[in-house]
Structures are given as C-alpha cells and as structure tokens.
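Just so it is clear: chains get the letters A, B, ... in the order the sequence lines come, proteins before strands, and each one is counted from 1.
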There are 2 protein chains.
Amino acid sequence: MADTPPLSTTGNPALKLDAQLCFALYSTLLGVNKVYRTLLRELDLTYPQYLVMLVLWERDERNVSDICSQLYLETATLTPLLKRLEARGLVNRRRSPSDERQVIVSLSEAGRALYAQVQHIPGCMSEALSCSQDDIVALRKQLLTLRDALFQHV
Amino acid sequence: MADTPPLSTTGNPALKLDAQLCFALYSTLLGVNKVYRTLLRELDLTYPQYLVMLVLWERDERNVSDICSQLYLETATLTPLLKRLEARGLVNRRRSPSDERQVIVSLSEAGRALYAQVQHIPGCMSEALSCSQDDIVALRKQLLTLRDALFQHV
DNA sequence: GCAATTTATATTGTGCGCGATGTAATTGCA
DNA sequence: TGCAATTACATCGCGCACAATATAAATTGC
C-alpha cells in the first residue's frame, strides 16, 4: 500500500507537503529572510551577521564557541562570517592571552555605533508579521520547545 | 536612550536575541535540518531535494515555476538542484513541446521507486518533534498565517 | 506582420551552513 | 614529567538561497 505508485489520491497522507509542520517552518523562514534582507540592505548586513551583532551588543568580548552555542551554529559557519565582519571593521578578533586556543570577538567603535541604526528593525519586523504580541510570545515559546526536542534528539 | 552604548541592562529589550520570534524560527529550523540530515543521509538526499521529490510524488510532470511557487523558492535555487537530481537519475527534464520555454520535470522509474524508502520519515520526524499531533496541527496553521503575511509584505 | 513586452528558465557571484578533516594549545592522568 | 586525549578554532568541499543579469520563446499591440 505505502509503496504503490504515488498518485495524489493514494499516497501516504503524512508525506503530503501541505500537511507538514517542517515545511511550514521552512517556508516561513524563507519569508523571514526575505523581509530581513530588505530591512538590512541599507546596513549591508545579512541576517546571520545581524544575529552576531545582536549577541555582541548584549555582551561584548566573547569567544567563538560562546557565539556558536548561543546561535546554534558551527564554527565552520561563524569563522568566515566573523572574518567578514572584521574586514568590514565592525568587530575585532584576537587570541585570548590566557588560552591561546580561544579567539575573543569584540565590537569595534563602528560596531558599537551601528546599534543606533537598528532600533527600528524589531518594529518593522513586528509589522511585517502582522500578528498580536501575545501570539508572538506564545508562538516563540512553542518553537523553543520544539527546538530543544530537536537538538536533544540528535 | 536607544542609541546609548548597548550594555545588557540598558539596551533595547526588543533587540534581545531571546525575545525574538524570528530567531526562534531560525534556530528551530537549524534543528529541523539537523534531524533531516540524519534521516536522509542513507537516501543521499538533502532536505530541499526531498521537498522536490515530495511535490513530484504528489503530482508528476510539472514545470519549474510550478515547483518554485509551491516551495517558495527561486528558479536560481531550483535549476541546479533539479540538475543534480537528474544527474542522480531520480528525475527527467525536458522542454515542453507546446511551449519551448518551459522545462517539464518528471519522475524517473528510480525516482518513483524511492517513494517506498521514505515512508518512515514523517513518523521519525514526528517522534523527534516529541509534540502532540494537535499541537503540530495548530502550530502549522499559525506558521502559515505568518508566512502569508511575510510574503505579502514584500 | 513585426517590434515591444512578457514569460520561463539559466547563469554568475556572494554568503551561509555544515560534515569531514587538520592543527595547535591545553588538560588529564599515569 | 610525559604523552594521550580533549578543546578551540580553521580549512575545504558541497549544496542551498537569492539578487542581478542574460537569453530565448511566446504573446501583445499596433
């Protein structure tokens, strides 16, 4: 039954695209990225670069693995990204004197100053989501539960 | 106020990473991809490739822009992906005789046969999400509402 | 009937995102 | 003390994802 030729009327309903939570997540994120691209274009930042700036604005002087774990990314992703931010003059990178294996990432003056230029972004995104603040809070909570389950599973 | 040096106690609360719905979405999708990578490794498929196969299993013989619009992707993303699936022998690509601009994508015999090998995947993913079916349905619905708002906004 | 426009797909360049692998610094422990 | 194991980061290769651009086919307007 399950492995018969997949005609739309006979296929496994769980394999239908429009039934899948993961595709809803995936395609929604495509939309999020699209909106962020327009919001961040004038700052010449990508969304992942913006995320790195957000974590540094919250707490400066962090090593790479700190940033990795907060953003759920691998160093293979962040090392080149941080080098691009350094090349743009937004962050500095230096080895920790106490542990030469660690690279300490810190905001440059320009990186700190950029904070003033992103104040409107949460509001713009909120508007794009056109969704009540209560819904946003509830949805965020549900997603974090999912995220924990997914990362725990692997 | 908003553009003072971003100390963690004085910064704009809306710019805190852990308050952001979009980061919850982003990081949750990283987890989804991680789980799919392990599930799809034995089939040697990536998640976007799996999505293309899903849409073809639902309805075969579709042109590229059909697939693009159903997956919310651009042709610049799908054209190389489809060529890789063709090189793997899972799909065929041919120009439409009635409109030479269109490329019709269809399942090969191997592509159809692969359907039998993915029957367990929704169940595995469901388990990884460790979340009630009702929650999944509700969450999916909320995400689709968000997605519509985001794509309408741009 | 043919130029202008639109449509469908392809190409190029840039930036993620990560598995696999490498290297140097540090730690642990016999 | 010495050396194996671990940790922190970097590098490489591949596959998305898309903006910008190109090209050819089809359609429209006149």
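In terms of the ring-ring contact (aromatic ring centres under 6.0 Å, His included) criterion, residue partners of A:Y72 (sequence neighbours excluded) are, by chain and number, A:F151. Taking A:S108 as the reference, nothing meets the side chain to side chain donor-acceptor pair (under 3.5 Å) condition, with sequence neighbours excluded. When the side chain to side chain donor-acceptor pair (under 3.5 Å) test is applied to B:E61, the partners found at least two apart in sequence or on another chain are B:R94. Considering only residues two or more places apart in sequence or on other chains, A:Q152 meets the side chain to side chain donor-acceptor pair (under 3.5 Å) condition with none of them. Every residue meeting the side chain to side chain donor-acceptor pair (under 3.5 Å) condition with B:N63, not counting sequence neighbours, appears here in chain and number order: B:S65, B:Q102. With sequence neighbours excluded, the residues that form a ring-ring contact (aromatic ring centres under 6.0 Å, His included) with A:Y26 are B:Y47.
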Scan nucleotides 6-8 of chain C against the protein and return all N/O pairs shorter than 3.5 Å with their distances rounded to 0.1 Å.
| residue | atom | partner | partner atom | Å |
| --- | --- | --- | --- | --- |
| C:dT7 | O4' | B:R101 | NH1 | 3.4 |
| C:dT7 | O2 | B:R101 | NH1 | 3.1 |

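Rounded to whole Å, atom P of C:dG19 lies 17 Å from atom CG of B:L45. The nearest whole Å value for the distance from the CG atom in B:L82 to the C1' atom in C:dT9 is 11 Å. Rounding to whole angstrom units, OH of residue A:Y50 and P of C:dC16 are separated by 15 Å. A:L51 places its CG atom 17 Å from the P atom of C:dG15, with the value rounded to the nearest Å. Across the protein-nucleic acid pair, B:I67 atom CD1 and D:dC16 atom P stand 14 Å apart, rounded to whole Å. Straight-line distance from the CZ atom of A:R84 to the P atom of D:dA10: 13 Å, rounded to whole Å.
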_side chain to side chain contact (heavy atoms under 4.5 Å, CB included) assessment of A:D60 paired with A:R112_ = CA-CA 10 Å; A:D60 204 350; A:R112 252 188 303 278; 3.4 Å; yes
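Between atom CG of residue A:N92 and atom CG of residue A:L85 there is a gap of 11.0 Å, rounded to the nearest 0.5 Å. Here B:L143 contributes atom CG and B:L150 contributes atom CG; the two are 10.0 Å apart, rounded to the nearest 0.5 Å.
Counting only distance, with no hydrogens or angles, the side chain of B:R95 and the backbone of B:R101 share a donor-acceptor pair below 3.5 Å.
Contact check of residues 85-95 of chain A against DNA chain D (heavy atom, cut-off under 4.0 Å) returns A:R93, A:R95. The stretch residues 26-44 of chain B has no heavy atom under 4.0 angstrom from DNA chain D at all. Sorted by residue number, the members of residues 72-81 of chain B with any non-hydrogen atom under 4.0 Å from DNA chain C read B:T75, B:A76, B:T79.
In this structure, the helix from C:dG1-D:dC30 to C:dA30-D:dT1 shows an angle of 10° between the axis at its start and the axis at its end, each fitted on 5 base pairs and rounded to 10°.
You'll find the side chain of A:I121 reaches within 4.5 Å of the side chain of A:Y50, heavy atoms only. Side-chain contact check for A:E86 versus A:V105: every heavy-atom pair is 4.5 Å or farther apart. Contact check for B:S96 versus B:E100: no side-chain heavy atoms found under the 4.5 Å cut-off.
Close to D:dG15, at under 4.0 Å from its OP1 or OP2, lies no side-chain N or O of B:Q49. Checking the phosphate oxygens (OP1, OP2) of D:dT11, a side-chain nitrogen or oxygen of A:K83 falls inside 4.0 Å.
Using a 3.5 Å distance cut-off with no hydrogens or angles, the side chains of A:R62 and A:Q70 do pair a donor with an acceptor. Between the side chains of A:Q142 and B:D135, no donor N or O sits under 3.5 Å from an acceptor N or O.
Mapped onto DNA chain D by nearest heavy atom, B:P97 and B:T46 fall at different nucleotides, with B:T46 at the one closer to the 5' end.
Residues in residues 74-99 of chain B take part in no ring pair (Phe, Tyr, Trp, His ring centres under 6.0 Å) pair, two or more places apart or across chains.
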